[in-house]
Amino acid sequence: MCAVVTPAGSWTGRCYDRFMSLQMFGIPVSRGVAIGRAVLVASSRVDVAHYFIEPAQVEREIARLLQARDAVAAELGGLQRDLPEDAPAELSALLDVHLMLLHDEALTGATSQWVHERHYNAEWALSAQLEVLARHFDDMENDYLRERKADLEQVVERLLRVLMHDSSAVPPSIGVNPRDFAGEDPLVLVANDIAPADMLQFKRSVFTGFVTDVGGKTSHTAIVARSLDIPAVVGAREASRIIRQDDWVVIDGDAGVVIVDPSSIVLEEYRFRQRQSELERVRLTRLRHTPAVTLDGERVELFANIELPGDAAAALEAGAVGVGLFRSEFLFMNRTDDLPGEDEQYQAYCAVVDAMKGLPVTIRTVDIGADKPLDRMSAHELRHEHALNPALGLRAIRWSLSEPSMFRQQLRAILRASAHGQVRLLVPMLAHESEIRGTFDALARAKQQLTESGRAFGDVQVGAMIEVPAAALMIDRFLDAFDFVSLGTNDLIQYTLAIDRADEAVAHLYDPWHPAVLELVARTIRAARARGRAVSVCGEMAGDPSFTSVLLAMGLRSFSMHPSQIAAIKQQILRTDTRRLSDLLLGARSDAPTFTPLRNGGGVAATPPRP
Ligand code: PEP
Ligand code: MG
């Protein structure tokens, strides 16, 4: 194999190995090895929904496609008819070309095949076929013909726009299993980018791995991929351009390597590694019922992060002691018309509370914005689309406070769910005193409304996410106001280092080991412990085994992560003696004013392992 080994995320590139298969490098975001045939989710200028349809809906979906073709034909015919007399002859000829492309069997006929055979929705099928045809055009010798690719793209764009405004669209069906119709071969997903909302559509399908051209290690797309527990590589730059539909692909989610058309020797090697990781996974599941206690008897709580109520089952199965982070915003995604109202939210929260059988459930108020926009049709998102820098824009609590009635609606739903079990409320991205006050005012008003309408609610603990450096620096104020704090290290790193967590171009600078980040984490944990307040980490750092001993050394005893990571972290904890960690971090000592990064020396006995 090609022997180039890259530090994760430091660069991406490609080379042929000596067996002449193609290798690409990206950022490893979810461990393990996947081998399968590529399913390409093509990128397009129009934001296209990708989902599988039920077999029974195939004919209806093809009819939609043909209706869209007729509508575009009528549109082009109308344009042609209305051309002014003195319009250049080329214009009419161009419209002829568009009409010809539109009626070509290679477009609608082949697109119908995708719907028929793969059960893609019409928009996805169309963009998949565009990708195939575009490659043919690229390969053409003749300049004139090659340039017709732009015409084809315009025709497809017209079709997509008609389809997107078609109210008879079959709704996404999350449970559809592509293996039902894709034969026996395992499938891997290849895309330029997959929005977190689209990832949800794939949550219960059978892709065994995925690769994207863009994205960072803690982008929400990567986080959802980790929750699927399938090997994944992001930031592989040209993957979706180079890989073709049905190519055999190996995804090495440990090293961030993607191999296209692997030779039989390479395949054999990866199959061996696949079997090894499967054995390791089975071995780790035996720890499910073992309490997370260190060698010196320190008890550690391992909570689960979930995105949808259905994930609660996996949390229990993995042995979580509760839900430490329910990212409620995922209930708000993939909604074309309305957003979930109070009753719908209440049902969803109750479903989690019931599924967790008396264990605590921490519901975070919506963290909409940045890389988790609302559906493209909503007025709210239109505002986001124009935000110059959405990561610094109207997201999370800022968004909630700007939509007071929706915020109270969510608070009421969470409060009502608390009548059924242990519910904790968590507020994302707080930084300002005014936001703290705004949150508690809204909560008081929501409680008052429930009391007035005779609705029951329980005692809800209220926590703040510490994910903006300002919050970590004024941690005492947060500890005055809140019952507990939870460190959102994904954002804390992003905002401390001024690195967009979703941007692969700066992914190499997204450094969780940066002394400034560790200092903020350590001081938050130290301050919370000193005040006797519960503190946990719910960012990806909590589920990264290379951080476990560092966080334990800082005094952390509560971690929240995706269920699939719980066993590996538990294994680390079971092997740790916290008394031997005391030298690991100078900053973890209460008398040390600042954190001293040990990997830079500083008179310490041990160095935190770098991933
Ligand atoms: C975080 O920022 O660490 C976090 C847990 O929240 P999210 O990843 O959803 O932004
Ligand atoms: Mg966050």
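Since the structure is predicted, the reported quantities are computational estimates derived from the model, not experimental observations. All ligand and atom numbering here is 1-based and tracks the order in the structure. Quick note: residue numbers are just sequence positions, from 1.
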(message) Among Arg523, Arg531, Arg533, exactly one meets salt bridge (charged side-chain N to carboxylate O under 4.0 Å, His left out) together with Asp476. Which residue is that?
(response) Arg531
What short N/O contacts, under 3.5 Å, does ligand 1 make with the protein, listed by atom pair and distance?
residue  : atom   : partner : partner atom : Å
ligand 1 : 2 (O)  : Glu467  : OE1          : 3.0
ligand 1 : 2 (O)  : Asp491  : N            : 3.0
ligand 1 : 2 (O)  : Asp491  : OD2          : 3.0
ligand 1 : 3 (O)  : Gly488  : O            : 3.4
ligand 1 : 3 (O)  : Thr489  : N            : 3.1
ligand 1 : 3 (O)  : Asn490  : N            : 2.8
ligand 1 : 3 (O)  : Asn490  : ND2          : 3.2
ligand 1 : 6 (O)  : Arg364  : NH1          : 2.9
ligand 1 : 8 (O)  : His220  : NE2          : 3.2
ligand 1 : 8 (O)  : Arg327  : NH2          : 2.9
ligand 1 : 8 (O)  : Asn490  : ND2          : 2.9
ligand 1 : 8 (O)  : Arg501  : NH2          : 2.7
ligand 1 : 9 (O)  : His220  : NE2          : 2.9
ligand 1 : 9 (O)  : Arg327  : NE           : 2.7
ligand 1 : 9 (O)  : Arg327  : NH2          : 3.4
ligand 1 : 9 (O)  : Arg364  : NH1          : 3.2
ligand 1 : 9 (O)  : Arg364  : NH2          : 2.8
ligand 1 : 9 (O)  : Lys372  : NZ           : 3.3
ligand 1 : 10 (O) : His220  : NE2          : 3.2
ligand 1 : 10 (O) : Asp491  : OD2          : 2.9
ligand 1 : 10 (O) : Arg501  : NH1          : 2.9

(request) Could you check Gln409, Arg416, Gln410, Gln347 and say which one makes a side chain to side chain donor-acceptor pair (under 3.5 Å) with Glu342? (result) Arg416
(request) Taking atom types as modelled, find out whether Ser240 and Asn192 have a side-chain donor-acceptor pair closer than 3.5 angstrom. (result) no
Between [X] and [Y] (salt bridge meaning N to carboxylate O under 4.0 Å), is one present in this structure?
X: Arg327; Y: Asp367; result: no
X: Asp483; Y: Arg424; result: no
X: Glu298; Y: Arg557; result: yes

(request) Of all the heavy-atom pairs spanning Leu520 and Pro469, show the shortest one and how long it is. (result) CD1-CB, 4.0 Å
(message) Going by side chain to side chain contact (heavy atoms under 4.5 Å, CB included), Thr218 matches just one of Asn490, Val29, Thr489. Which one?
(response) Asn490
(message) I need the protein N, O or S atoms closer than 2.8 Å to the Mg ion (ligand 2), given as residue plus atom name.
(response) Glu467 OE1, Asp491 OD2
(request) Would you confirm whether the ring centroid of Phe440 sits within less than 6.0 angstrom of the ring centroid of Phe482? (result) yes
